[in-house]
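Encoded as structure tokens, the structure appears first; notes follow it.
Remember, it's 1-based here, ligands and their atoms both numbered in the order they're listed.
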Amino acid sequence: MAQKVQGTEDLFGGYMRAWQRMQDVARELFGSYGFDMIETPAIEQVDTFVHGIGESTDVVRKEMFRVFSGALLPDVLERGSEGHLKPRQRMAMRPEGTAGVVRAAVENNFVPQGAAPAKLWYAEAMFRGERPQKGRLRQFHQVGVEWLGASDPAADAECIIMLMEYFCRLGFSRESLRLTINSMGDAACRPAYRDKVRAFILDHAEEMCEDCLERAQINPLRAFDCKNDHCREVMADAPLAPDNLCDECAAHYAAVKRYLDAAGVSYVEDPTLVRGLDYYTRTVFEVEVVGAGVGAIGGGGRYDGLVELEGGKPTPGLGFAVGFERICLALAEQGVDLGGEEPSCVYVACTPGEDTRAAAFETCLALRSAGVRTEADYQGRSLKAQFKQADKLGARLCAIIGSDELAAGVVTLRDMVSHEQVQVPAAELAERVTARLA
Ligand code: AMP
């Protein structure tokens, strides 16, 4: 039997409804903030991710799924690397959404000089070659937003407020959510801070793991995220980003907090919060569900240098992404089923006979044109078996057509819960059904 790829999942039934609900809630809420939906290709040139996410990140170094056409693959395998390919021939599945959206914004000039900001949201599958485990997949789904052209700290605050509102509308209780924020500085102050952290790690080299020593060279701030408890203990004494901000970054961070306070959004400042992707500047944030044990369910931040890295003009930007699978796991722990119940339907049953079957066929069409989810029998079942199937499908009502009904121009409408039956004129069925379902 063919099997799915490790770390991937099929979305169907309640799980699929949950994914659709996440999109519906996003469309409504993000729409009220002025965001429009975008879909970028699942494959991009590798350079889009290398420039955007950063060469030193785990995502780019270890987790990207490369894509080669059948014509190129033998050549790549033979030479042992893709180094000889032209940039446009080097492709990868998107590991996150921001780089692709920013690439699209640059290519389509979404934010010309003097224009209003571009506000975009997406709901897409992402691909990362991580070791599959609970809440960690190789193909997972994210809903995210990108807001390009806004430098105002009010935008950072609105982004965070919108994110927290999104979680609440999905069904999380606000008390269960832990929002952490930090500022990572910008091109003016971060290089010096990064050097300080590097020097700190090298001063404590004997106490740190191999990975952290490697991080010291390429991305020292990632040492704050080390899984090794001892490294984290050592890093507790490392210089902290908020103490090393330039005046502009400090003022920006203070303003973001003022706006959050004014909106009554509670948060925890975590001066060691560094996000895994290189492009973040200034504000970063993450949301966890206390006690759910699934890791962060969403996070994001400001990335003022990213548009330039993707070849555009200097344009500030910010955004966030939330993970569908982890949200479902965390909601399930709170007893919330995001997929909800299967939508109810009306079942059209008929006694055997060409005339009754033809009338059932027409009745189905009429109900569907009235927007009613309608089911019928397509396997020649007995009336009793049709009722059984109607129950299985969770039908609220059953429209029954026998030769008596046909002769009288009526349909028997049976309430599947109370088992109460009434006869209604065939011509009024759709109207009566809609009223009953409402
Ligand atoms: P990131 O792009 O790494 O900041 O991730 C944003 C969100 O996507 C996280 O908070 C998770 O909810 C989700 N996420 C990231 N990686 C995975 C993965 N491998 N499997 C499932 N969800 C993930």
ask   = Can a non-hydrogen atom of Met126 be found less than 4.0 Å from any atom of ligand 1?
value =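 Distance cut 4.0 Å: Met126 fails for ligand 1.
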
Does [X] pair with [Y] as a salt bridge, N-O distance under 4.0 Å?
| X | Y | result |
| --- | --- | --- |
| Asp24 | Arg27 | yes |
| Arg198 | Asp195 | yes |
| Lys257 | Glu269 | yes |
| Arg275 | Glu286 | yes |
| Lys119 | Asp36 | no |
| Glu55 | Arg61 | no |
| Asp211 | Arg222 | no |

ask   = Does the N or O separation between Val322 and ligand 1 drop below 3.5 Å for any pair?
value =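 Looking only at distances, the answer is no, because the N/O contact criterion of under 3.5 Å is not met.
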
Under 4.0 Å to a heavy atom of Ile297 - the qualifying atoms of ligand 1, by number =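 Listed by number with element: 10 (O), 12 (O).
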
ask   = Going by the order shown, which atoms of ligand 1 are within less than 4.0 Å of some heavy atom of Gly298?
value =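 So the atoms of ligand 1 that pass are 10 (O).
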
Could you tell me the residue and atom name of the protein heavy atom closest to [atom], and the distance to it rounded to 0.1 Å?
| atom | answer |
| --- | --- |
| atom 20 (N) of ligand 1 | Leu137 N, 2.8 Å |
| atom 22 (N) of ligand 1 | Phe140 CD1, 3.5 Å |
| atom 5 (O) of ligand 1 | Gln142 NE2, 3.4 Å |
| atom 21 (C) of ligand 1 | Gly135 O, 3.3 Å |
| atom 4 (O) of ligand 1 | Arg275 NH2, 2.6 Å |
| atom 13 (C) of ligand 1 | Gly323 CA, 3.6 Å |

query = Cation-pi between Arg414 and Phe387: NZ/CZ under 6.0 Å from ring centre and within 45° of the ring axis?
reply =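 Yes - Arg414 lies over the ring of Phe387, closer than 6.0 Å to its centre and within 45° of its axis.
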
message = On a heavy-atom basis, I'd like to know which of Gly144, Ala296, Gly300 is closest to atom 9 (C) of ligand 1.
response =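 Among Gly144, Ala296, Gly300, the closest heavy atom to atom 9 (C) of ligand 1 comes from Ala296.
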
ask   = Just going by heavy-atom distances, which of Glu63, Glu130, Arg128 is nearest to atom 2 (O) of ligand 1?
value =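 Among Glu63, Glu130, Arg128, the closest heavy atom to atom 2 (O) of ligand 1 comes from Arg128.
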
